[in-house]
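Start at 1 and go down the list; that is how both ligands and their atoms are numbered.
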Amino acid sequence: MTSETILVPDLGGADTVDVIELCVAVGDTVALEQSLIVLESDKATMDVPSPQAGQVKKLLVKEGDKVSEGSPILEIEKTADETDSAEESAASGERDDAPQPEDKDEPPESAEEEDSESEAVDKPDKQAEPSAAKGPAAEEDVLVPDIGGADAVEVIEVMAASGDQLAEGDGILVVETDKASMELPAPFAGELVSVAVKVGDKIATGDKIARMKIMLDSDQPGTTDKTAEPDEKTGADSASSPSEKKVSAESDSSETDISSGKKPDVAEAPVASEESSKPDAASTRDDVAAAEVYAGPASRALARELGVDLRKVSGSGPRNRILKDDLQEYVKNAVAKSENAAVSGATGAGIPPIPTVDFARFGEIEMVPLQKIHKLTAANMQRSWLNVPHVTQFDEADITELEAFRHTLKAEAEKRNSRLTLLPFLLKACGHALAVNTSFNRSLASDGEHFVEKKYIHIGVAVDTPRGLVVPVIRDVDRKGLWELTDEVNEMAVKAREGKLSAAEMQGGCFTISSLGAIGGNGFTPIVNAPEAAILGVSKSQIKPVWDGAEFQPKLMLPLSVSYDHRIVNGADCGRFFTCLVDVIADIRRLLL
Ligand code: CAO
């Protein structure tokens with residue numbers, strides 16, 4: 001293994017450029033062509049690719065340094081089998097046997113072949129110029145200039161549309177290789193008649209990209225000399241063109257190439273977007289036009305890989321250039337945001353988040369930390385609420401006889417060292433209604449193709465505890481007697497309040513009962529405990545006058561509500577379920593039928 005110093009490649013005449021990004025660190029293993037650093041002149045940026053695979057031993061530059069052609073960038077230890085390829089590669093402008101910076105006077109052996117991006121700026125010079133002899137309405141095809149050996153480049157952006165008045169040098173397209181992006185400018189001033197390509201197309205030298213109507217009026221803004229060489233055009237020309245905003249906003253123009261040393265043909269994004277480059281921590285870039293994104297090829301490639309919309313990323317590089325670190329930070333934040341969405345109220349899926357309020361402005365406050373159970377409940381509730389199309393139906397059950405019966409059993413319950421409340425009766429009645437109305441004992445299968453119909457009846461009971469809400473599950477309710485259910489409910493409620501329920505004791509429910517009867521209220525709409533199909537809400541009973549056909553009778557009425565997942569249960573199903581439930585509660589003897 002040998003060590004080699006990688007040098008700044010041919011900058012094509014540019015004196016010094018800034019190192020604006022280090023893409024590797026000491027110890028990193030780099031692949032052939034992997035970006036090592038990003039250089040920037042006042043007009044353009046360029047990734048410097050590694051001429052060989054190996055391990056970075058020493059960095060010889062840091063961000064902010066000024067370098068010129070031949071300046072040492074880093075030392076790389078190449079593996080034996082890389083030696084040959086390194087010799088062949090001249091992207092760094094060095095030779096294997098003469099890797100020292102003093103070699104800078106020696107031109108790179110194959111820079112022209114290897115660094116297609118470094119050639120790109122030459123190409124507009126070669127763009128066919130319109131003939132001066134043509135009349136004002138003459139039309140001319142705009143062709144892809146010589147792009148220095150690159151087979152085909154991808155159109156990543158179409159900057160102008162038919163009918164646009166373009167000054168010479170205004171961008172028409174942005175194309176990208178794996179190393180650089182460059183703008184293909186209008187070779188002369190005129191009206192854009194049509195664009196012949198679209199985003200995603202691959203184009204090569206000589207391909208037609210557009211058709212333009214030549215403007216021969218030299219007073220037209222931005223219309224200098226239509227026959228002038230594009231590289232004679234200055235940034236000031238562009239800045240005064242009618243297409244200033246569009247052109248100046250284009251970031252990728254800044255990436256055309258610095259290695260040719262020629263002035264890019266259009267105003268550069270960072271230069272003309274000074275205003276937008278002012279740091280604004282609060283602002284995202286949602287409202288920024290696509291053309292204003294300022295990012296290098298490596299960052300763009302990473303953004304595509306991660307599926308990140310660069311317009312939403314704030315750049316922390318010079319003049320707001322989006323760095324790879326910015327993308328990583330953006331993705332990290334996005335993941336964290338979605339994980340906390342349920343608790344924070346940010347729901348994603350296009351649902352606007354609840355605004356953050358500084359409550360302290362209105363009076364004294366105390367920040368109370370959420371316990372794990374609160375976070376879990378919040379996540380479960382939000383998940384169910386957002387996923388399940390809820391419908392809630394209401395009814396009342398006459399529990400006059402049931403309560404009379406329960407009271408006759410109270411003494412017996414005490415003897416059994418137990419407490420017989422309304423709840424075991426409701427469990428029993430629900431077990432019966434679920435057995436009869438099987439659609440309530442279903443869940444949607446995750447394949448989206450099936451219902452899962454359960455042949456068991458396990459019912460969860462919502463229990464209010466000092467730590468929060470928990471839902472222990474009573475198994476095989478339909479097969480248990482009243483006393484057994486009573487004991488189990490009491491035991492579960494105690495365990496719940498003492499925080500001693502196991503995870504298994506809170507799993508497997510088919511249906512849930514949420515009873516607020518001991519607390520109060522005459523009705524509420526409970527949230528389905530998905531993937532269950534439905535939930536019963538029990539409110540406080542009260543004596544009501546009920547017409548028996550001849551006169552009003554005082555009856556103890558229990559307000560009930562059933563919320564259900566309308567993907568599983570229909571309103572008619574619920575009507576039948578409710579009728580069955582109310583009937584059996586009103587006359588508990590029906591359980592024997
Ligand atoms: N109407 C009127 N009074 C009722 C009633 C009703 N529907 N249900 C219960 N009561 C009264 C009765 O008077 C009963 O006392 P007696 O036995 O002396 O008559 C007493 O309340 C029993 O209350 P309890 O709460 O101790 O027992 P329970 O079996 O009714 O309920 C449990 C047990 C665990 C469900 C309940 O304690 C509980 O935690 N409920 C809250 C559930 C909840 O928070 N749901 C909301 C979830 S979504 O936020």
Tell me the protein heavy atom at minimum distance from [atom], and give that distance in Å.
atom	value
atom 25 (O) of ligand 1	Ala518 CB, 3.6 Å
atom 35 (C) of ligand 1	Ala462 O, 3.7 Å
atom 6 (C) of ligand 1	Gly517 CA, 3.3 Å
atom 1 (N) of ligand 1	Ser541 N, 2.8 Å
atom 29 (O) of ligand 1	Thr421 OG1, 2.6 Å
atom 44 (O) of ligand 1	Asp464 CB, 3.6 Å

Check each heavy atom of [X] against ligand 1 and say whether those closer than 4.0 Å belong to the side chain, the backbone, both or neither.
X	result
Met381	neither
Ser539	backbone
Val489	neither
Leu516	side chain
Ile527	neither

Original post:
Could you state the interatomic distance from CD1 (Ile474) to CD (Glu505), rounded to the nearest 0.5 Å?
Top reply: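 It is 9.0 Å, given to the nearest 0.5 Å.
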Original post:
What distance do Asp18 atom CG and Ile37 atom CD1 have between them, rounded to the nearest 0.5 Å?
Top reply: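 Nearest 0.5 Å value for the CG-CD1 distance: 11.0 Å.
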Subject >> Heavy-atom check, side chain of Leu581 versus side chain of Asp395, under 4.5 Å >> reply: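 Leu581 vs Asp395: side chains apart.
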**OP:** Report yes if some heavy atom in the side chain of Ile457 is under 4.5 Å from a heavy atom in the side chain of Phe511; otherwise report no.
**Re:**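 Counting from C-beta outward, Ile457 and Phe511 never come under 4.5 Å.
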Original post:
So does Asn417 have more than 12 non-hydrogen atoms from other groups sitting under 6.0 Å from CG?
Top reply: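 No, the 6.0 Å shell around CG holds no more than 12 heavy atoms from other groups.
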Subject >> Greater than 12 external heavy atoms within 6.0 Å of Phe362's CZ >> reply: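 Enclosed: over 12 neighbouring heavy atoms sit under 6.0 Å from CZ of Phe362.
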Test item: protein heavy atom less than 4.0 Å from [atom]:
atom	value
atom 14 (C) of ligand 1	no
atom 27 (O) of ligand 1	yes
atom 9 (C) of ligand 1	yes

**OP:** Could you say whether the N/O atoms of His407 and ligand 1 ever approach to under 3.5 Å?
**Re:**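 Looking only at distances, the answer is no, because the N/O contact criterion of under 3.5 Å is not met.
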Original post:
If you measure every N/O of Arg419 against every N/O of ligand 1, is any gap under 3.5 Å?
Top reply: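 So ligand 1 has an N or O lying under 3.5 Å from an N or O of Arg419.
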Nearest heavy-atom neighbours spanning [X] and [Y]:
X	Y	result
Val388	Arg567	CG2-NH2, 3.9 Å
Ala533	Phe440	CB-O, 3.7 Å
Ile543	Leu556	N-CD1, 3.9 Å
Ser384	Ala530	OG-N, 3.4 Å

Subject >> Listed partners of Arg475 passing salt bridge (Lys or Arg N to Asp or Glu O under 4.0 Å), at least two apart >> reply: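 Salt bridge (Lys or Arg N to Asp or Glu O under 4.0 Å) check on Arg475 returns nothing, list empty.
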Subject >> Any residue meeting salt bridge (Lys or Arg N to Asp or Glu O under 4.0 Å) with Lys544, in chain and number order, not counting sequence neighbours >> reply: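 Partners of Lys544 by the salt bridge (Lys or Arg N to Asp or Glu O under 4.0 Å) criterion, ordered by chain and then number, come out as Glu396.
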Subject >> Option with minimal heavy-atom separation from atom 40 (N) of ligand 1, where the choices are Pro472, Ser514, Ser515 >> reply: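 Among Pro472, Ser514, Ser515, the closest heavy atom to atom 40 (N) of ligand 1 belongs to Ser515.
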Subject >> Option with minimal heavy-atom separation from atom 32 (C) of ligand 1, where the choices are Arg497, Arg406, Lys410, Gln542 >> reply: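 Residue with the shortest heavy-atom distance to the ligand atom: Arg497.
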Heavy-atom contacts with [X] under 4.0 Å: which atoms of ligand 1 show up? List them by number with element.
X	value
Leu558	7 (N)
Leu469	44 (O), 47 (C), 48 (S)
Leu423	29 (O), 33 (C), 35 (C)

**OP:** Measure from the ring center of Tyr564 to the ring center of His566 and say whether it is less than 6.0 Å.
**Re:**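 For Tyr564 and His566, the ring centres are under 6.0 Å apart.
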